[in-house]
Amino acid sequence: MQDRNRTSDVLATPGHLVSLAARAFARLSEARLKPLGFGVGTLPVLVALDEGHAETQRDLARFARIEQPSMAQMLARMERDGLIRRTPDPNDARSSRIALTDIARSRLPEACATLFQGNREALDGFSAAEAGQLVALLGRLIENLDRLATDDRVPRQTP
């Protein structure tokens with residue numbers, strides 16, 4: 001009986017629950033953004049470009065918190081789909097500057113509104129204070145996880 005309780009406890013851990021919620025949010029967002037020609041993974045990149053937070057692949061990967069090879073693949077798909085354009089970087093011949101196309105820029109407000117609507121629906125029954133608290137708690141959780149990931153890159157000495 002002890003093992004069964006331990007197994008059930010695993011299903012109630014924050015990591016498991018956050019993972020379930022993240023996958024559900026991703027499915028909802030993908031379904032709603034697809035008609036606009038966007039994917040849930042592209043939205044942070046589109047927003048970063050639109051708001052001037054980044055304009056190179058390296059900066060976009062850092063902003064979106066994904067690895068460079070994954071960002072390169074995403075940008076290739078976005079370019080193929082007419083969402084971004086690349087121009088040579090005048091300061092670095094090995095790099096390109098990335099910008100939104102007019103198509104992406106025109107669809108982005110509706111995509112953001114769609115995403116916000118999905119979030120409001122997902123938080124149905126939450127008070128504004130509870131929703132704010134959830135966001136704050138998730139932010140702290142992400143900071144802790146980022147710190148742990150950084151700490152885990154440093155080899156630990158065994159006694």
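Everything numeric here is computed off the predicted structure, so don't read it as measured data.
Under the 4.5 Å side-chain heavy-atom criterion for ILVMFWY residues, no single connected hydrophobic cluster contains both L75 and F63. Under the 4.5 Å side-chain heavy-atom criterion for ILVMFWY residues, a single connected hydrophobic cluster contains both L36 and L46. Side-chain heavy atoms closer than 4.5 Å link hydrophobic residues (I, L, V, M, F, W, Y) into clusters, and following such links, even through other members, never connects I103 to M74. Under the 4.5 Å side-chain heavy-atom criterion for grouping Ile, Leu, Val, Met, Phe, Trp and Tyr, V135 is not connected to V40 through any hydrophobic cluster.
Residues passing the side chain to side chain donor-acceptor pair (under 3.5 Å) test with D89, sequence neighbours excluded: R97. Contacts of R140 classified as side chain to side chain donor-acceptor pair (under 3.5 Å), with partners at least two apart in sequence or in another chain: none. A search for side chain to side chain donor-acceptor pair (under 3.5 Å) contacts involving N119 returns nothing, not counting sequence neighbours.
Pairs of residues two or more places apart, or lying in two chains, that qualify as salt bridge (charged side-chain N to carboxylate O under 4.0 Å, His left out) and include a residue from residues 114-136 are R32-E121. Listed by first and then second residue, the salt bridge (charged side-chain N to carboxylate O under 4.0 Å, His left out) pairs involving residues 38-51 are D50-R105 (not counting sequence neighbours).
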Could you pull out all donor-acceptor pairs under 3.5 Å where a side-chain atom in residues 11-27 meets a protein atom, sequence neighbours excluded?
unit_1 : atom_1 : unit_2 : atom_2 : d
T13    : OG1    : V10    : O      : 2.9
T13    : OG1    : H16    : N      : 3.3
S19    : OG     : R23    : NH1    : 2.9

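A salt bridge does not link R85 to E79: none of the charged side-chain nitrogens sits closer than 4.0 Å to a carboxylate oxygen.
Closest approach of A64 to V45, counting heavy atoms only: CB-CG2, 4.5 Å. The minimum heavy-atom distance between T56 and S95, with the atom names listed, is CG2-OG, 4.2 Å. Between C112 and V47 the shortest heavy-atom distance is SG-CG2, 4.2 Å. Nearest heavy-atom pair across L49 and A54 is CD2-O, 3.4 Å.
No side-chain donor-acceptor contact under 3.5 Å links S70 to the backbone of I66. Counting only distance, with no hydrogens or angles, the side chain of T42 and the backbone of F38 share no donor-acceptor pair below 3.5 Å.
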Derivation and outcome, side chain to side chain contact (heavy atoms under 4.5 Å, CB included), residues L33 and L43
CA-CA 9 Å; L33 292 173; L43 219 48; 4.0 Å; yes

Residues L83, R107; criterion side chain to side chain contact (heavy atoms under 4.5 Å, CB included); working and verdict:
CA-CA 10 Å; L83 301 175; R107 293 180 191 163; 4.2 Å; yes

Could you give me the CA-CA distance, side-chain angles and deciding distance for S96 and T87, then say whether side chain to side chain contact (heavy atoms under 4.5 Å, CB included) is met?
CA-CA 5 Å; S96 297; T87 56; over 6 Å; no

Steps toward side chain to side chain contact (heavy atoms under 4.5 Å, CB included) verdict (R86, Q57)
CA-CA 10 Å; R86 301 177 202 237; Q57 179 178 311; 4.2 Å; yes

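Atom CE of M71 and atom CE of M78 lie 8.0 Å apart (nearest 0.5 Å). Once rounded to the nearest 0.5 Å, the distance linking CD of E55 with CG of L60 reads 9.0 Å.
Enclosure of atom CD in Q133 is not indicated, since only 12 or fewer non-hydrogen atoms of other residues, nucleotides or ligands lie within 6.0 angstrom. Within a 6.0 Å sphere centred on CG of N144, heavy atoms belonging to other residues, nucleotides or ligands number more than 12.
Residues R65 and D146 are in side-chain contact: their nearest non-hydrogen atoms beyond the backbone lie under 4.5 Å apart.
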